[in-house]
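Start at 1 with the first residue, then count along the sequence.
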Amino acid sequence: MPLEFLPRELVIAFKDDKIFSELKAPFGNSGISSVTNPKENIYDTYLNMLSFKYFYEGTQEEIQPGFSAMEGITFRETGKESKICGFNCRELETVIPGSDSLRYIWYTDEINVKNPNSLTPYREIGGVLMEFFYVIGEAELAFTADEVLVKEIADKNFEKRTNYKKLSRDYLDSLIRKMIAY
């Protein structure tokens with residue numbers, strides 16, 4: 001996929017113990033989203049590619065499809081602190097198995113959210129990520145929070161979606177990797 005079509009915006013919404021995330025591509029209704037709703041036992045990953053709609057019905061123990069390149073990531077506190085969007089943040093050094101490079105991420109404990117990183121490779125981190133990266137296949141996507149809003153989120157964002165074709169974890173993972181590859 002051409003570089004200008006790669007996803008460029010990540011929105012993450014929290015409500016009680018529910019999480020909705022959406023990695024948006026800059027064209028049409030394309031992107032990757034996930035819904036975590038423990039009370040309804042929903043741990044789904046959705047992929048929209050033009051008119052195609054696919055999903056994987058996961059479990060709370062899994063990392064969502066697309067992140068197979070990050071399995072086994074480890075973290076170490078560096079002791080560094082900074083402010084991002086007005087929140088006090090702490091830095092973590094990360095290592096992905098099979099990679100020699102160190103990468104750094106920032107998170108805050110000042111946003112009161114339970115398990116904010118469910119379904120992601122960062123699930124062990126109890127704080128909200130403010131600057132981080134995703135490795136999807138061979139691509140590395142970097143994100144830095146540019147605003148944090150407090151607003152009402154519609155309950156429909158945390159519900160199971162309809163009209164999506166159910167796929168296996170491995171197949172959806174391969175589609176996501178192909179979508180992000182450049």
Side-chain angles (χ1 to χ4, degrees), residues 5-68 70 73 84-87 89 105-136 139 141-169 172-173 175-177 179-180:
F5 290 160
L6 288 175
R8 295 178 187 249
E9 180 181 4
L10 176 63
V11 175
I12 303 172
F14 305 102
K15 186 174 187 175
D16 302 321
D17 64 345
K18 299 175 278 197
I19 304 167
F20 170 74
S21 70
E22 185 173 31
L23 182 57
K24 299 178 182 179
F27 62 93
N29 188 27
S30 296
I32 305 162
S33 59
S34 67
V35 176
T36 304
N37 185 338
K39 287 184 181 134
E40 300 294 327
N41 200 34
I42 299 171
Y43 302 94
D44 294 350
T45 302
Y46 297 90
L47 174 64
N48 291 348
M49 286 190 326
L50 303 172
S51 63
F52 300 99
K53 295 179 170 188
Y54 304 111
F55 89 105
Y56 171 69
E57 190 173 52
T59 67
Q60 70 182 32
E61 292 83 28
E62 294 179 277
I63 293 175
Q64 74 186 68
F67 296 126
S68 56
M70 294 183 73
I73 190 171
I84 300 175
C85 294
F87 293 95
C89 298
I105 63 171
W106 293 86
Y107 73 97
T108 184
D109 290 326
E110 294 184 345
I111 300 172
N112 189 21
V113 176
K114 183 179 177 183
N115 300 320
N117 305 303
S118 293
L119 304 185
T120 77
Y122 301 109
R123 67 184 315 129
E124 297 171 27
I125 300 169
V128 174
L129 300 175
M130 300 297 281
E131 185 173 307
F132 61 100
F133 66 94
Y134 284 145
V135 175
I136 300 176
L141 306 171
F143 300 96
T144 301
D146 60 10
E147 67 181 338
V148 175
L149 304 172
V150 176
K151 66 180 196 175
E152 188 60 32
I153 306 295
D155 286 333
K156 71 177 183 160
N157 287 306
F158 306 102
E159 296 173 353
K160 189 171 278 298
R161 297 200 167 49
T162 58
N163 300 322
Y164 282 76
K165 180 179 180 185
K166 188 175 181 178
L167 299 177
S168 72
R169 174 180 168 58
L172 187 57
D173 187 77
L175 288 177
I176 290 170
R177 284 185 282 118
M179 176 184 177
I180 301 297

*Asks:* Between D155 and K15, is there a salt bridge with N-O shorter than 4.0 Å?
*Replies:*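 Yes, charged N to carboxylate O under 4.0 Å.
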*Asks:* Go through the side-chain N and O atoms of Y46 and D44 and say whether any donor and acceptor fall under 3.5 Å apart.
*Replies:*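 A donor-acceptor contact under 3.5 Å links the two side chains.
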*Asks:* Could you walk me through whether Y122 and I73 satisfy the side chain to side chain contact (heavy atoms under 4.5 Å, CB included) test, starting with their C-alpha distance in whole Å, then the side-chain angles of each, then the deciding distance to 0.1 Å, before giving a yes or no?
*Replies:* CA-CA 8 Å; Y122 301 109; I73 190 171; 4.0 Å; yes
*Asks:* Taking atom CG of L10 and atom OG of S33, what is their separation to the nearest 0.5 Å?
*Replies:*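 So the CG of L10 and the OG of S33 are separated by 11.0 Å.
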*Asks:* Measure from NZ or CZ of K18 to the centre of the six-membered ring of F158, then state whether that distance is under 6.0 Å and the direction lies within 45° of the axis.
*Replies:*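 Checked: cation-pi criterion met.
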*Asks:* Under a plain distance cut-off of 3.5 Å, with no hydrogens placed, do N48 and Y164 share a side-chain donor-acceptor pair?
*Replies:*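 Checked: Y164/N48 side chains pair up, N/O donor to acceptor below 3.5 Å.
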*Asks:* Of V11, V35, I12, I153, which meets side chain to side chain contact (heavy atoms under 4.5 Å, CB included) against F20?
*Replies:*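 The passing option is V35.
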*Asks:* Given V148 and M130, is the side chain to side chain contact (heavy atoms under 4.5 Å, CB included) satisfied, shown in steps?
*Replies:* CA-CA 10 Å; V148 175; M130 300 297 281; 3.9 Å; yes
*Asks:* More than 12 heavy atoms of other residues, nucleotides or ligands under 6.0 Å from CD of E124: yes or no?
*Replies:*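 Count not over threshold, so no.
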*Asks:* Is it the case that more than 12 heavy atoms not belonging to K160 sit under 6.0 Å from its NZ atom?
*Replies:*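 Yes, the 6.0 Å shell around NZ holds more than 12 heavy atoms from other groups.
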*Asks:* Does the pair R177/D173 count as a salt bridge with the N-to-O cut at 4.0 Å?
*Replies:*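 A salt bridge links R177 with D173.
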*Asks:* Would you say T108 and I84 make side-chain contact, with heavy atoms under 4.5 Å?
*Replies:*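 Result no, sub-4.5 Å side-chain heavy-atom pair not found.
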*Asks:* What is the minimum heavy-atom distance between Y134 and T120, and which atoms define it?
*Replies:*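 It is OH-CG2, 3.7 Å.
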*Asks:* Parallel, tilted or perpendicular: which describes the rings of Y54 and F52, with under 30° parallel and over 60° perpendicular?
*Replies:*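 Rings of Y54 and F52: parallel, under 30°.
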*Asks:* Could you tell me which non-hydrogen atom of N115 sits nearest to which non-hydrogen atom of I19, and how far apart they are?
*Replies:*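 For N115 versus I19, the nearest heavy atoms are O-CD1, 3.1 Å.
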*Asks:* Can you confirm whether the side chains of S34 and S21 place a donor and an acceptor under 3.5 Å from each other?
*Replies:*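 A pair is found: one side chain offers a donor N or O, the other an acceptor, under 3.5 Å apart.
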*Asks:* Start with the C-alpha gap between R169 and E62, add the side-chain angles, then the distance that decides, and say whether side chain to side chain contact (heavy atoms under 4.5 Å, CB included) holds.
*Replies:* CA-CA 10 Å; R169 174 180 168 58; E62 294 179 277; 3.4 Å; yes
*Asks:* CD/E131 to SG/C85 distance, rounded to the nearest 0.5 angstrom?
*Replies:*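 These two atoms lie 10.5 Å from each other.
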*Asks:* Does the side chain of I125 come within less than 4.5 Å of I105's, by heavy atoms?
*Replies:*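 Counting from C-beta outward, I105 and I125 do come under 4.5 Å.
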*Asks:* Which pair of heavy atoms, one from Q64 and one from T45, lies closest together, and at what distance?
*Replies:*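 Answer, listing the atom of Q64 first, then T45: CB-OG1, 3.1 Å.
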*Asks:* Does a side-chain N-to-carboxylate-O contact under 4.0 Å join K166 and E57?
*Replies:*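 Looking at E57 together with K166, the answer is yes, because their closest N to O distance falls below 4.0 Å.
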*Asks:* Which atoms form the tightest heavy-atom contact between G126 and D109, and what is the distance?
*Replies:*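 The pair with the smallest heavy-atom distance is C-OD1, 4.3 Å.
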*Asks:* Using modelled atom types and a 3.5 Å cut-off, is there a donor and acceptor pairing between side-chain atoms of N117 and backbone atoms of G127?
*Replies:*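 It does hold such a pair.
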*Asks:* Between atom CD1 of I176 and atom CD1 of I32, what is the distance when rounded to the nearest 0.5 Å?
*Replies:*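 Here the interatomic distance stands at 4.5 Å.
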*Asks:* Kindly say whether N37 contributes a backbone atom to a donor-acceptor pair with the side chain of E40 at under 3.5 angstrom?
*Replies:*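 Absent.
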*Asks:* Mind listing the closest non-hydrogen atom pair of Y56 and S168 along with its distance?
*Replies:*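 Nearest heavy atoms, Y56 then S168: CD1-C, 3.8 Å.
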